[in-house]
Structures are given as C-alpha cells and as structure tokens.
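Counting begins at 1 with the first residue of the sequence.
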Amino acid sequence: MPASTWFAAPGGDFSLGFDGGLTLAYSDADRTCCLTFTDAAMSGGRTSRCVVLDAPCRRLRVAGDASSLEIFLNDGAAVLSTRYYPAGGQVTLRPANFTAAVYPLNL
C-alpha cells in the first residue's frame, strides 16, 4: 500500500479532512488541536482526542499509510496517532485553508 507524508507551515486556524470520516482541526485562539472521527463505522468506538500546544502550531507533518496516521505538531512537540483504514488503502488529505506538500514514503 502506498504511504505518504505531508508537510505544512500553517498560520492560524486550520482543518484537514481525510477520506473515511476523519478530521483534524486546530484553533489558534486556544492552541487546541483535535483529531475527530466523523464516521461511526470507521471510528471503532473512538470519537475524538485533543491536545493543547504550548505554542501556536506553525509546523505540521502528517504521515499516513493503509492502516495508521501519525500527526506531528510543531516538529513533534505533540503527536496524535490513530489506526485508520481508508477505502482502497490510500490516504487522501483535503486541506481546507492552506497548502501542503505531499511526498511518497519509500519503505
């Protein structure tokens, strides 16, 4: 299964959508980042988990493959991780309000 990693330098609030009913949203006002399952069939009983950052989020890295997502905030100052099984085995990222660079991971 192909794996990918995304790098971005957001400035302010942002949200990302992933195919399969998963979203990542960040609020600059309170420095909170939440990973939320919006599709109950994909969630496995999980709903959301949040982290409050010590500093505003200015660096974001998302690594995904056919079974997991790893989200590194501010170069790993905080990490959100989840098992994730997107349809077709490919992770699709939909940034709502910033541009991200996408790179294949060669394992």
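The side-chain heavy atoms of I71 and L24, taken from C-beta on, include a pair separated by under 4.5 Å. Counting heavy atoms from C-beta outward, L16 and T23 have side chains that stay 4.5 Å or more apart.
Residues satisfying the ring pair (Phe, Tyr, Trp, His ring centres under 6.0 Å) criterion with F72, sequence neighbours excluded, are absent altogether. A78 meets the side chain to side chain contact (heavy atoms under 4.5 Å, CB included) test with V51, L53, L73; sequence neighbours excluded.
Annotation for D30: atom CG counts as buried by contact number, over 12 foreign heavy atoms lying within 6.0 Å.
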Are L35 and L22 close enough, and set up right, to give a side chain to side chain contact (heavy atoms under 4.5 Å, CB included), and what steps lead you there? CA-CA 7 Å; L35 183 63; L22 185 63; 3.9 Å; yes

Evaluate side chain to side chain contact (heavy atoms under 4.5 Å, CB included) for R49 paired with T82, printing each intermediate quantity in order. CA-CA 10 Å; R49 60 192 93 134; T82 189; 3.5 Å; yes

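Of all non-hydrogen atoms in E70 and S81, the two that sit nearest each other are OE2-OG, 2.8 Å.
Taken together, the cysteine pair C34 and C50 places its SG atoms within less than 2.5 Å of each other.
In this structure, the side chain of Y26 engages the main chain of C57 through a donor-acceptor pair within 3.5 Å. Listed for the D28 side chain is no donor-acceptor partner under 3.5 Å among the backbone atoms of D13. Using modelled atom types, one side-chain atom of N74 and one backbone atom of P56 make a donor-acceptor pair closer than 3.5 Å.
Salt-bridge check for R58 with D75: failed, with every basic side-chain N at 4.0 Å or more from each acidic carboxylate O.
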